[in-house]
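Written out below as structure tokens is the structure these notes cover.
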Amino acid sequence: MALANRVMGIKPSPTLAVDARAKAMKASGIDVVGFGAGEPDFDTPDNIKEAAIKAIRDGYTKYLPVPGTDELKDAIIAKHKADNGITYDRAEIIVSTGAKHSLYNIAQALYGAGDEVIIPAPYWVSYPDQVLLNDATPVIVQTREENNFVLTADDLEKAVTPKTKAFILNSPSNPTGLGYDRSALEAIAKVAVKHGIYVISDEIYEKIVYDGFRHVSIASLGDDIKALTLTVNGLSKSHAMTGWRLGWAAGPKDVIGAMSKIQSQSTSNTCSITMKAAVEALKGPQEFIGVMVAEFDKRRKYIVERLNAMPGVTCPMPVGAFYAFPRVKDLYGKSFNGKPINNSSDLAAYLLEEAKVAVVSGDAFGADDYIRLSYATSMANIEKGLDRIAAAFGALS
Ligand code: PMP
Ligand code: GLU
């Protein structure tokens with residue numbers, strides 16, 4: 001029996017695939033160092049777990065309103081006001097089963113055949129495939145490392161056509177770890193407003209920032225741009241809650257209403273217990289984030305310094321998220337035991353097979369000159385993994 005055409009055009013999430021492969025190798029007794037997983041290696045804070053346990057004990061285990069409870073929406077509204085200076089009301093918020101699901105609901109509500117969606121590369125792996133799953137066309141626009149991988153107003157202007165429906169913004173960025181400052185955002189907001197295109201602003205790494213980088217939400221820059229922006233966020237990264245599956249989108253009522261209609265026919269509300277935990281995550285003590293970020297910060301400096309010390313490798317210093325994104329193109333053309341390394345997937349496969357180190361190849365992010373290493377893993381693992389990488393790169397001739 002043939003599968004639907006839409007399945008043929010997409011691939012499984014490469015980040016999840018690398019992580020699964022590394023975990024499977026570990027389970028079979030192989031000592032793999034995993035730099036693949038884009039998830040905090042910290043446990044969810046106890047106060048959040050306790051809120052979930054209480055929800056279960058209280059019998060908070062039934063269907064709830066599809067777009068989320070008022071209690072949680074109010075906590076999300078308060079968060080956006082306090083952190084981002086944006087005022088939303090309840091009809092402008094929808095809670096879904098992870099930020100990935102929020103992004104997917106947006107894609108379902110907004111994109112269709114004939115639409116183009118602009119995606120700056122390097123991009124997070126799911127953006128193009130979510131566009132394809134909804135019969136629209138991803139328009140990939142290359143950004144430049146010397147420009148901090150930021151999409152400029154000029155880049156955006158050149159990519160816009162009468163078919164452009166939206167563009168996807170991700171700051172701080174997965175995979176680059178770099179971000180947009182206020183003036184870069186102001187410049188692209190102007191172009192979006194001029195052409196009346198939606199901005200999908202994925203702000204999931206907002207809280208994981210370094211060196212005084214200040215996250216700015218594009219929707220906070222004025223009423224015109226707010227009316228076109230879907231702000232996506234969640235707790236997976238900030239509160240180490242990847243497995244709980246909760247994210248949200250905030251934006252224009254008509255789009256949020258459409259997403260809620262779609263969600264009512266697909267997943268319904270996200271988990272009731274997770275919603276109670278999310279209220280505690282948003283309203284309870286926030287010290288955990290600072291502790292986690294301080295630890296990421298130490299690892300960030302260490303990993304970037306070590307990568308830059310490797311011949312043929314250069315790595316920009318991230319200002320956010322927990323990824324190092326070294327340029328490894330100068331190693332292409334070399335070989336190991338006569339086997340050539342010609343691109344990022346050859347290099348990632350070589351590291352996994354020969355050095356037992358899992359990284360994600362840059363081509364998964366539309367950037368074949370690079371590989372991605374997540375430093376959401378212990379310092380001991382990072383040291384061991386980098387020793388192995390240095391030896392493996394040194395063994396290429
Ligand atoms: N956006 C980006 C840029 C991410 O890295 C992730 C990580 N999975 C997500 C969205 C999705 O997060 P969630 O776990 O909340 O679905
Ligand atoms: N966002 C994380 C990553 O990029 C988790 C994996 C995924 O959801 O694709 O590694």
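All values reported here derive from a predicted model rather than from experimental measurement. Both ligands and their constituent atoms are indexed starting at 1 by order of listing.
Here the protein heavy atom with the shortest distance to atom 5 (C) of ligand 2 is G38 O, 3.8 Å. Among protein heavy atoms, the minimum distance from atom 9 (O) of ligand 2 is reached at T15 OG1, 2.6 Å. Nearest protein neighbour of atom 8 (O) of ligand 2, counting heavy atoms only, is K100 NZ, 3.1 Å. Looking at atom 10 (O) of ligand 2, its nearest protein heavy atom turns out to be R372 NH2, 2.8 Å. At the top of the distance list for atom 8 (N) of ligand 1, counting protein heavy atoms only, stands K237 NZ, 3.3 Å. Among protein heavy atoms, atom 2 (C) of ligand 1 sits closest to D202 OD2, 3.4 Å. Taking atom 9 (C) of ligand 1 as the reference point, the nearest protein heavy-atom neighbour is W124 CH2, 3.5 Å. Among protein heavy atoms, the minimum distance from atom 12 (O) of ligand 1 is reached at A99 CB, 3.8 Å.
Every N/O-N/O distance between H101 and ligand 1 stays at or above 3.5 Å. The shortest N or O to N or O distance between R245 and ligand 1 is below 3.5 Å. Below 3.5 Å of separation, one finds no N or O of Y323 facing any N or O of ligand 1. Close N/O approach between G98 and ligand 1 is not found [any backbone or side-chain N/O within under 3.5 Å]. Considering backbone and side-chain N/O atoms, S13 comes within less than 3.5 Å of an N/O atom of ligand 2.
Distances from ligand 1 to the non-hydrogen atoms of Y127 include at least one value under 4.0 Å.
In this structure the side chain of I289 reaches within 4.5 angstrom of the side chain of H239, judged on heavy atoms. Within the 4.5 Å cutoff, the side chain of V357 has no heavy atoms near those of the V32 side chain.
Hydrophobic clustering (ILVMFWY, side-chain heavy atoms < 4.5 Å, transitive): V232 and I86 are in distinct clusters.
Under 4.0 Å from ligand 1, not a single heavy atom of T15 appears. Contact annotation: for T242 versus ligand 2, there are no heavy atoms closer than 4.0 Å.
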Q.
Does T231 form a side-chain hydrogen bond (donor to acceptor under 3.5 Å, both in side chains) with Y88? I'd like the steps, not just the answer.
A. CA-CA 11 Å; T231 304; Y88 289 115; 3.0 Å; yes

Q.
Run the side-chain hydrogen bond (donor to acceptor under 3.5 Å, both in side chains) test on T152 and D155 for me, step by step, so that the C-alpha distance in whole Å, both residues' side-chain angles and the decisive distance to 0.1 Å come before the verdict.
A. CA-CA 5 Å; T152 64; D155 294 333; 3.1 Å; yes

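Under 3.5 Å, the side chains of E203 and N233 contain no donor-acceptor pair of N or O atoms. Between the side chains of E354 and N337, not a single donor N or O lies within less than 3.5 Å of an accepting N or O. Neither side chain, S126 nor D129, offers a donor N or O lying under 3.5 Å from an acceptor on the other. If you check the side chains of T15 and S13, you find a donor sitting under 3.5 Å from an acceptor. If you check the side chains of K237 and Y205, you find a donor sitting under 3.5 Å from an acceptor.
Below 4.0 Å from some heavy atom of Y205 lie the following atoms of ligand 1, by number and element: 3 (C), 4 (C), 5 (O). Of all atoms in ligand 1, numbered sequentially from 1 with element shown, those under 4.0 Å from a heavy atom of N174 are 3 (C), 4 (C), 5 (O). Short contacts between ligand 2 and Y323, defined as distances under 4.0 Å to a heavy atom of the residue, involve ligand atoms 2 (C), 3 (C), 4 (O), 10 (O). Close contacts of ligand 2 with K237, meaning ligand atoms under 4.0 Å from a residue heavy atom, involve 1 (N), 2 (C). Close contacts of ligand 1 with I204, meaning ligand atoms under 4.0 Å from a residue heavy atom, involve 1 (N), 2 (C), 3 (C), 4 (C), 15 (O). Using a 4.0 Å cut-off to heavy atoms of S236, the atoms of ligand 1 that qualify are 13 (P), 14 (O), 15 (O).
Between Y370 and the options F325, Y323, F365, Y332, a ring pair (Phe, Tyr, Trp, His ring centres under 6.0 Å) holds for only F325.
In this pair, F42 and F288 present their aromatic rings perpendicular. The plane angle is above 60°, beyond the 30 to 60° band.
Separating the OG atom in S217 from the OH atom in Y180 is a distance of 14.5 Å, to the nearest 0.5 Å.
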